[in-house]
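One structure is given here, and the rest of the page talks about it.
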Protein chains: 2
Amino acid sequence: MRVTIKDVAKLASVSPATVSKVLNNKPVKQETGQRVKEVIKKLDYHPNLLAKSFARKISYHIGVTVSTGALTPVDQFFLIFLQGVMEVATANTYSVSIVPALGSEQEEENLIKEMFRKNMIDGYILTNPYYSPRTFLEFLKLDIPLVVTGRVQESIPISTVDANSAEGIYLATSHLIELGHERILFLSGPKQYFVCEDRLNGYLSALRARKIKPDGKLIIEDDFTFEGGYRAARRAIDDLDFTAICAYNDAMAIGALKALQEKGIKVPRQVSLVGYDDLPIGTMLQPMLTTVHSPIYQLGKEAAKMLFANLKDRDNIDDLILPVKLIVRESCGAVL
Amino acid sequence: MRVTIKDVAKLASVSPATVSKVLNNKPVKQETGQRVKEVIKKLDYHPNLLAKSFARKISYHIGVTVSTGALTPVDQFFLIFLQGVMEVATANTYSVSIVPALGSEQEEENLIKEMFRKNMIDGYILTNPYYSPRTFLEFLKLDIPLVVTGRVQESIPISTVDANSAEGIYLATSHLIELGHERILFLSGPKQYFVCEDRLNGYLSALRARKIKPDGKLIIEDDFTFEGGYRAARRAIDDLDFTAICAYNDAMAIGALKALQEKGIKVPRQVSLVGYDDLPIGTMLQPMLTTVHSPIYQLGKEAAKMLFANLKDRDNIDDLILPVKLIVRESCGAVL
DNA sequence: TTGTATGCGTTATCAG
DNA sequence: CTGATAACGCATACAA
């Protein structure tokens with residue numbers, strides 16, 4: 001039989017309650033505390049977390065949803081993020097459980113609600129900001145502690161963390177302008193996403209800040225994927241009325257790179273190419289970048305911190321926007 | 001107050017024991033079962049998993065270690081693997097917890113042992129095959145259900161799953177031979193790793209199968225990373241006594257690609273380049289590959305299945321080696 | 001500061 | 001097939 005709190009209590013000639021107190025750093029006489037600790041060590045006692053969880057109605061698990069996007073190699077977002085989350089979770093003696101992306105929003109909603117109802121998960125970090133407001137409201141109704149990455153409709157009282165990607169694109173675009181470019185093609189993601197709108201605005205502000213008049217023809221919209229970037233660049237390439245490209249993200253940038261190469265256009269000789277992403281720029285073509293200081297890692301940490309704050313004070317809603325850095329690297333012939 | 005099994009029992013005019021039985025699909029009279037189920041629905045009852053875990057001494061969580069390698073963008077291994085694990089875990093009503101890579105083997109060992117002792121995790125899938133035999137023995141001593149990816153010293157009785165990477169390299173090398181190459185450079189990882197030895201053997205067998213005499217000078221060893229591939233290729237490039245390169249993995253292949261490009265060598269025009277990895281070949285430069293049918297995904301599923309088998313029958317040790325497929329793609333100018 | 005008693009929600013045992 | 005009851009290991013009032 002495994003050793004329990006009672007065994008420790010008996011051998012230390014105290015009550016189980018006292019042992020519980022030293023276990024949880026509650027006020028205990030110095031001397032008894034010492035004695036109990038010795039017995040714990042001697043008996044090799046390890047508190048049963050299942051019992052503790054049960055008694056305290058706390059699972060000590062937080063859930064993190066994995067976005068399906070994480071399955072495309074371009075999207076390194078999730079793992080780095082996860083490292084940040086885990087660092088903070090570990091510090092709070094919590095474990096991190098992965099909530100699978102089930103495909104349909106309804107299924108995911110049900111799973112998230114179910115795991116919470118069963119007391120299996122104390123709170124969530126949601127990295128799937130594509131949920132509809134209705135879903136968020138459902139979560140709020142159950143009073144599920146929640147932190148969301150990215151942006152959520154303003155009126156919904158949920159904590160969010162996000163990287164300032166408008167600023168990122170602003171920096172990327174400014175970089176091109178400083179290189180002397182004026183006609184800069186912007187490869188945008190679908191504009192119905194807040195984040196796409198944000199980044200487009202970053203591009204526009206950079207132009208305006210330098211008194212360059214934006215040209216609607218230089219803004220091409222497609223999926224924010226490798227293929228989307230490829231398609232968008234191909235569509236724009238024929239009249240080649242630009243000298244540089246700023247892409248919504250790395251994936252689109254790489255897609256565009258492929259399109260340019262197919263046409264024999266030298267990058268960056270003939271066309272300069274810049275992509276912004278929450279990871280350090282050029283991740284894809286700079287595989288060995290260390291990631292610890294990337295914004296995403298910080299984002300993970302901040303998200304977790306915020307969740308634990310929420311766990312303690314359920315009404316503490318907060319938003320956080322982290323600044324980004326532009327890192328320019330020459331790589332595979334592209335400024336990416 | 002939340003609704004418990006007792007509330008259900010009362011309203012259905014049965015005992016809690018009976019409700020428990022219908023909850024766990026144990027033999028119950030059709031009619032009572034029906035009645036109980038109706039009450040459950042009516043009361044919106046959700047069994048408290050914390051209580052269940054406590055009573056049954058089962059956490060319903062399995063742990064998966066994340067390899068630090070997963071933090072380099074080249075290594076897409078982990079997320080895909082995880083999807084496979086989760087699919088099986090979900091089917092078994094288990095959750096998947098991530099065990100952080102702490103850096104030192106000792107720290108990780110302690111964490112793994114500690115979480116198990118605390119009943120927090122019922123079993124592990126270890127994706128860090130770099131653990132020393134001593135560590136594995138420690139786990140066995142505590143009787144921790146374990147499945148390891150990759151290879152473990154034969155004498156240690158632990159279940160493993162692995163992709164047949166020797167076969168992968170064999171196929172990759174054969175592909176080059178069929179293209180007409182005879183002098184094929186092999187970029188090897190450090191030979192003290194079983195898997196590196198395996199893959200080198202795959203290369204050698206392919207040569208021998210076609211009656212090509214292996215040349216020791218054509219085998220270069222370095223880290224199995226992007227940088228390692230870059231360094232290895234640079235070292236070999238000067239006497240350029242080869243017409244093709246087979247790399248231990250994608251990372252090294254991409255490193256080599258960079259080295260070749262720097263020297264103005266056209267790939268695949270002047271030098272053919274092939275890399276093998278557990279993911280479909282060319283992941284890096286084929287970002288939009290679907291991953292569901294990749295070996296790694298299967299590997300994750302098999303690992304999880306094996307773990308659950310072990311969970312039920314603690315003495316059931318098994319090894320599994322999955323076959324691989326060679327997928328050749330033209331991409332960014334390289335056959336990768 | 002410490003001990004006693006009780007409760008947490010479920011499963012398991014063993015009668016009936 | 002069903003029900004009463006003990007047990008799981010810890011936390012927490014409350015009393016001492």
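Quick note on labels: first sequence line is chain A, next is B, and so on, each numbered from 1.
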Rounded to the nearest 0.5 angstrom, the CG-NZ distance for A:L50 and A:K52 is 12.5 Å
Rounded to whole Å, NZ of A:K29 lies from P of C:dT1 at a distance of 9 Å
Sugar-phosphate only, base, or nothing, as touched by A:V19 at under 4.0 Å among non-hydrogen atoms | nothing
Between A:R56 and C:dC8, is there a side-chain N or O to OP1/OP2 distance below 4.0 Å?
-> no
Closest listed nucleotide, where the reference is the side chain of A:N24 and the choices are D:dC10, D:dC1, D:dA11 = D:dA11
Under 4.0 Å between a side-chain N or O of A:T18 and OP1 or OP2 of C:dT2?
-> no
Taking side chain as C-beta onward, heavy atoms only, is A:E107 less than 4.5 Å from A:L111?
-> no
Let me know the distance between CD1 of B:I5 and C1' of C:dT11, rounded to the nearest Å.
-> 8 Å
Supply the atom-to-atom distance A:I156 CD1 to A:I317 CD1, rounded to the nearest 0.5 angstrom.
-> 11.5 Å
Taking only the side-chain nitrogens and oxygens of B:K57, find out if one of them lies under 4.0 Å from OP1 or OP2 of C:dT11.
-> no
Find the distance B:K21:NZ to D:dG3:C1' and express it as a whole number of Å.
-> 7 Å
With heavy atoms under 4.0 Å as the rule, sort A:P16 into base, sugar-phosphate or nothing.
-> nothing
For C:dC8, does OP1 or OP2 lie under 4.0 Å from any side-chain N or O of B:R2?
-> no
Do B:F54 and the base of C:dC8 stack face to face, with centres under 5.5 Å apart and an angle between planes under 30°?
-> no
Please tell me which of the listed nucleotides, D:dC8, D:dC1, D:dT12, lies nearest to the side chain of B:P27?
-> D:dC1
Between D:dC8 and A:N48, is there an OP1 or OP2 to side-chain N/O distance shorter than 4.0 Å?
-> no
Whole-Å distance separating the NZ atom of B:K118 from the P atom of D:dC8 = 20 Å
Taking only the side-chain nitrogens and oxygens of A:S20, find out if one of them lies under 4.0 Å from OP1 or OP2 of D:dC10.
-> no
Whole-Å distance between D:dA4 C1' and B:K10 NZ?
-> 15 Å
Atom CD1 of A:I58 to atom P of D:dG9: distance rounded to whole Å?
-> 20 Å
On DNA chain D, nearest-nucleotide positions of B:A55 versus B:S13: which is more 5'?
-> B:S13
Any side-chain heavy-atom pair from B:I98 and A:V64 closer than 4.5 angstrom?
-> no
Under 4.0 angstrom, heavy atoms only, what part of the nucleic acid is A:K26 near: base, sugar-phosphate, or nothing?
-> sugar-phosphate
Given C:dT10, is OP1 or OP2 found less than 4.0 Å from the side-chain N or O atoms of B:Y45?
-> yes
May I ask you to verify if any side-chain N or O of A:T32 is less than 4.0 angstrom from the OP1 or OP2 atom of C:dT1?
-> no
Would you mind reporting whether B:P16 and B:T4 have side-chain heavy atoms less than 4.5 Å apart?
-> no
Looking at OG of A:S159 and CD1 of A:I125, how far apart are the two atoms once the value is rounded to the nearest 0.5 Å?
-> 10.5 Å
Whole angstrom value for the distance that separates C1' of C:dA12 from CG of B:L23 | 15 Å
For B:S53, report the nucleic acid contact type (base, sugar-phosphate, nothing); a contact means any heavy atom under 4.0 Å.
-> nothing
Does a side-chain N or O from A:S15 land closer than 4.0 Å to OP1 or OP2 of C:dT4, or not?
-> no
Residue mapping more 5' on DNA chain D - nearest nucleotide basis, B:G33 or A:A51 = B:G33
Starting from C1' on C:dT11, measure out to CG on B:L50 and report it in whole angstrom.
-> 15 Å
